[in-house]
Novice: 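One structure is given below, represented as structure tokens, and several questions about it will come after.
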Amino acid sequence: MKDFLNMKIDAAISSALEEMNIVKPTPIQEEAIPHLLVGKDVIGQAQTGTGKTFAYAIPMLEKIDVSSLVIQALVMCPTRELSLQVCKEIEKLAKNLKVKVAAIYGGESYDKQFKALAKRPQIIIGTPGRIIDHIERGTLKLKNVSYLVLDEADEMLKMGFEQDMETILKEVPKERQTSLFSATLPSWVRMASTKYMIQPVTIRIENKTLTVDRIKEVLYYVKKEQKKDLLLRVLDFYQLSSVMIFANTKAMVDELVLYLQERHFNVDGLHGDLKQMSRDRVMQSFRLGSIGIMIATDVAARGIDIDDIEAIINFDIPQENEIYVHRIGRTGRAGKTGLAITLATTRQKKRIEEIEMYTKSKFDVAEIPTPKQIQTRYQKNITERILNGLEDAANNHTFDNLLLDLSRKTTDPTPIIIRLLELLGENEKRVYTPIDTVRPRVKPDVNRPVSNWVYVSLNVGSKENVRPNQLVNYLHDTITIHREHIGKIVIQKEATYLEVHYQALKYFKELSKKKYMGKPISYKQVRALPKR
């Protein structure tokens with residue numbers, strides 16, 4: 001493997017890397033940077049934590065003309081969190097350069113962004129919707145952009161940003177260098193890339209490198225109605241201090257947060273309905289350890305990059321194999337071991353097999369912890385904590401007066417120790433709901449849908465100025481469909497086509513007698529999405 005010194009990058013950038021103790025490039029950096037440095041378009045598949053930001057940011061900074069105070073590079077991201085993270089990473093990399101960077105995204109005041117743009121940055125990072133807003137206001141000029149990055153392109157396309165992306169690209173010169181980075185590279189992402197790129201070099205990490213050897217993958221089978229009871233047992237059994245729990249819908253995130261808070265866990269949730277201030281508070285609390293459990297949807301979790309996550313729990317199994325890999329890659333970092341726990345129903349056995357085939361690894365199917373096993377595990381943990389701290393405790397005189405007072409009342413320390421342990425473990429006393437032992441069926445479940453997604457068309461389109469985010473918000477507010485139940489969106493002049501989770505299809509019946517932009521709205525189920 002090369003190191004950055006051999007890649008002939010600017011000394012100021014090399015110095016910044018050295019200050020961050022980064023010497024050797026990651027595989028995605030080693031393969032992408034040379035192509036980008038010579039001006040080629042690049043498609044790169046890279047998971048969170050593989051260094052993809054530096055893979056495109058180092059060549060970007062090499063090409064910035066610091067004497068020119070115009071926008072020369074644009075990075076598009078699907079979420080506010082990822083935009084902020086990318087901005088911070090590029091600022092760290094450019095600390096020795098006279099380069100100005102600005103992040104523009106929804107959920108933040110325009111005044112703050114107006115001031116940032118007035119400083120004439122050379123690099124812009126932002127979400128498609130807010131970028132378009134600034135273009136329309138005349139506060140963002142992209143005619144000098146020569147370096148374009150589509151970060152997490154799969155998520156942007158899945159969220160229906162393709163039309164917004166094309167609107168933005170009309171403002172960017174055709175003579176430019178484009179790089180597309182994506183956690184997954186399904187065929188529809190590759191097809192879309194042909195619109196934006198010229199003879200791109202494709203860098204795809206093989207499946208064998210997608211999973212982390214240091215991660216133990218544990219699987220529990222349970223009845224659907226008992227998943228929350230099992231989650232409680234799992235948390236008590238493993239006694240995790242930093243864990244991310246993934247749910248597929250915002251509603252489930254809220255439900256789990258309330259369920260665990262009522263049982264005295266330090267937990268909070270993260271999803272798209274939260275205001276930016278609340279999202280920042282939750283993230284900061286998790287980073288600092290004041291909350292040990294964060295429950296999130298996949299979209300909300302994009303851009304979260306924390307090295308010390310002990311474990312992740314898939315309360316809901318993701319619909320895509322790549323997303324599973326993306327989730328579990330958040331643990332087992334920085335040379336540490338990690339734990340990935342998945343809760344599944346027997347109906348999902350085929351889905352589990354699909355994940356195993358994709359990751360080329362097997363789940364460790366575990367027995368549901370019994371109350372006695374949980375108690376034994378807890379007591380073992382307490383013993384280790386006490387014994388590990390005995391040496392330091394000998395020099396701690398904080399409790400001298402208390403110990404003296406207790407010694408006057410009894411000469412037998414055993415009851416005192418027992419009582420202290422009881423007090424210490426009061427929050428751990430639980431009455432667990434009985435959970436049935438289940439096993440996957442050998443025969444396939446004929447009632448299981450071949451795909452969890454179906455397709456519908458709406459009788460409104462670009463003629464009614466339909467925008468992806470506005471439509472998603474409309475469906476959420478009107479018929480209570482969450483973003484996670486909506487997949488790809490294709491907007492045409494007279495109609496809009498959506499990929500919808502089959503469980504959410506029934507809610508579309510409530511659209512009758514509703515209006516969108518003043519027009520009565522209707523839907524019908526179709527066999528497939530139209531080609532992009």
Side-chain angles (χ1 to χ4, degrees), residues 74 76 78 106 126-138 140 142-143 148 150 153-174 176 178 180 186-198 272 299 451 453-479 481-502 504-505 507-532:
L74 174 67
M76 276 194 271
T127 52
R130 185 55 66 95
I131 290 172
I132 289 176
D133 287 345
H134 279 287
I135 291 172
E136 292 175 347
R137 289 169 182 264
L140 188 63
L142 302 178
K143 63 181 180 181
L148 173 70
L150 307 176
D154 57 339
E155 200 61 41
M156 282 195 285
L157 291 169
K158 190 191 299 181
M159 291 166 67
F161 280 129
E162 185 170 5
Q163 187 173 341
D164 284 354
M165 291 161 69
E166 291 181 357
T167 298
I168 294 167
L169 291 177
K170 289 176 183 177
E171 305 294 321
V172 178
K174 291 183 179 180
R176 65 173 188 269
T178 305
L180 181 154
S187 58
W188 47 271
V189 172
R190 299 176 70 85
M191 287 177 61
S193 70
T194 60
K195 299 180 183 179
Y196 316 135
M197 311 179 80
I198 300 172
V299 172
S451 169
W453 296 91
V454 295
Y455 308 101
V456 300
S457 70
L458 303 176
N459 65 328
V460 291
S462 57
K463 189 176 178 181
E464 285 76 29
N465 296 316
V466 170
R467 291 267 294 276
N469 266 6
Q470 292 173 346
L471 180 62
V472 170
N473 290 336
Y474 169 83
L475 293 174
H476 176 268
D477 296 340
T478 307
I479 55 177
I481 291 181
H482 295 282
R483 181 185 292 276
E484 286 71 26
H485 279 157
I486 298 175
K488 295 186 282 292
I489 300 175
V490 178
I491 300 174
Q492 297 184 345
K493 185 176 181 180
E494 304 284 347
T496 297
Y497 296 83
L498 299 95
E499 187 180 45
V500 178
H501 195 275
Y502 77 95
L505 182 63
Y507 296 109
F508 276 81
K509 296 175 182 178
E510 299 172 22
L511 279 178
S512 60
K513 299 181 181 179
K514 305 288 184 184
K515 292 185 177 181
Y516 185 87
M517 297 292 189
K519 178 178 178 178
I521 188 169
S522 62
Y523 88 99
K524 61 181 179 181
Q525 191 170 348
V526 295
R527 296 186 65 177
L529 295 180
K531 293 183 179 179
R532 294 176 180 272

Novice: Got a second to check how far L458's CG is from E464's CD, nearest 0.5 Å?
Specialist: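 Between atom CG of L458 and atom CD of E464 there are 10.5 Å.
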Novice: Evaluate Y516 against Q470 for side chain to side chain contact (heavy atoms under 4.5 Å, CB included), listing each step before the verdict.
Specialist: CA-CA 10 Å; Y516 185 87; Q470 292 173 346; 4.0 Å; yes
Novice: If you compare all heavy atoms of T496 against all heavy atoms of V460, which two are closest, and at what distance to 0.1 Å?
Specialist: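 Taking T496 first and V460 second, the nearest heavy atoms are OG1-O, 2.7 Å.
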Novice: Residues two or more places apart in sequence or in another chain: which of them pass side-chain hydrogen bond (donor to acceptor under 3.5 Å, both in side chains) with E166?
Specialist: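 K195.
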Novice: For the pair T178 (side chain) and L148 (backbone), establish whether a donor and an acceptor sit closer than 3.5 Å, ignoring hydrogens and angles.
Specialist: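 The answer is no, because no donor-acceptor pair under 3.5 Å joins these two groups.
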Novice: Can you list everything that forms a side-chain contact (heavy atoms from CB on, under 4.5 Å) with I198? Sequence neighbours excluded, please.
Specialist: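 With neighbours one apart ignored, the set is D41.
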Novice: To the nearest 0.5 Å, what is the distance between CD1 (I131) and CE (M76)?
Specialist: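 It comes to 6.0 Å.
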Novice: Which residues satisfy the side-chain contact (heavy atoms from CB on, under 4.5 Å) test with S462, sequence neighbours excluded?
Specialist: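 Expected list: Q163, I491, K493.
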Novice: Suppose we screen for side-chain hydrogen bond (donor to acceptor under 3.5 Å, both in side chains). Which residues come up paired with S193, at least two apart in sequence or across chains?
Specialist: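 Result, side-chain hydrogen bond (donor to acceptor under 3.5 Å, both in side chains) vs S193: none returned.
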Novice: Applying side chain to side chain contact (heavy atoms under 4.5 Å, CB included), run through I135 and T167 and close with a yes or a no.
Specialist: CA-CA 10 Å; I135 291 172; T167 298; over 6 Å; no
Novice: Under the salt bridge (charged side-chain N to carboxylate O under 4.0 Å, His left out) test, which residues partner K515, sequence neighbours left out?
Specialist: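 Scan of K515 (salt bridge (charged side-chain N to carboxylate O under 4.0 Å, His left out), adjacent residues dropped) gives none.
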Novice: Check whether more than 12 heavy atoms from other residues, nucleotides or ligands sit under 6.0 Å from atom NZ of K463, and answer yes or no.
Specialist: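 Atom NZ in K463 is not crowded, with 12 or fewer foreign heavy atoms closer than 6.0 Å.
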Novice: What distance separates R190 CZ from L180 CG, expressed to the nearest 0.5 Å?
Specialist: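 Reported value, rounded in 0.5 Å steps: 10.0 Å.
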Novice: Rounded to the nearest 0.5 Å, how far does CG of L471 lie from CD1 of I521?
Specialist: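 With rounding to 0.5 Å, CD1 (I521) is 6.5 Å from CG (L471).
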Novice: Backbone N or O of P173 within a donor-acceptor pair of the R176 side chain at under 3.5 Å?
Specialist: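 Such a contact is found between R176 side chain and P173 backbone.
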Novice: Please identify each residue that fulfils side-chain contact (heavy atoms from CB on, under 4.5 Å) with E510, with sequence neighbours left out.
Specialist: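 Per chain and number, E510 pairs via side-chain contact (heavy atoms from CB on, under 4.5 Å) with I479, Y507.
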Novice: Considering all heavy atoms of both residues, which atom of A504 and which atom of V500 are nearest to each other, and what is their separation?
Specialist: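 Where A504 meets V500 most closely, the heavy atoms are CB-CG1, 3.9 Å.
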Novice: Give, for atom CG of L475 and atom CD1 of I486, the distance between the pair rounded to the nearest 0.5 Å.
Specialist: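 Atom-to-atom, L475:CG and I486:CD1 are 4.5 Å apart.
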Novice: Atom CD of Q525 and atom OH of Y455: how far apart are they, to the nearest 0.5 Å?
Specialist: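 Output value for this atom pair is 10.5 Å.
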Novice: Before giving the answer on side chain to side chain contact (heavy atoms under 4.5 Å, CB included), spell out for M165 and L157 the whole-Å C-alpha distance, their side-chain angles and the decisive distance to 0.1 Å.
Specialist: CA-CA 9 Å; M165 291 161 69; L157 291 169; 4.1 Å; yes
Novice: Got a sec, which residues hit ring pair (Phe, Tyr, Trp, His ring centres under 6.0 Å) with Y523, two or more places apart in sequence or on another chain?
Specialist: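 Partners of Y523 by the ring pair (Phe, Tyr, Trp, His ring centres under 6.0 Å) criterion, ordered by chain and then number, come out as F508.
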Novice: Can you name the residues that form a side-chain contact (heavy atoms from CB on, under 4.5 Å) with S457, not counting sequence neighbours?
Specialist: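 S457 satisfies side-chain contact (heavy atoms from CB on, under 4.5 Å) with Y497, K524, V526 only.
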Novice: What are the two closest non-hydrogen atoms of V490 and P530, and how far apart are they?
Specialist: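 Shortest heavy-atom contact: CG1-CG, 3.9 Å.
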Novice: R467: which residues meet the salt bridge (charged side-chain N to carboxylate O under 4.0 Å, His left out) condition with it, sequence neighbours left out?
Specialist: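 If we apply the salt bridge (charged side-chain N to carboxylate O under 4.0 Å, His left out) test to R467, skipping adjacent residues, the hits are D164.
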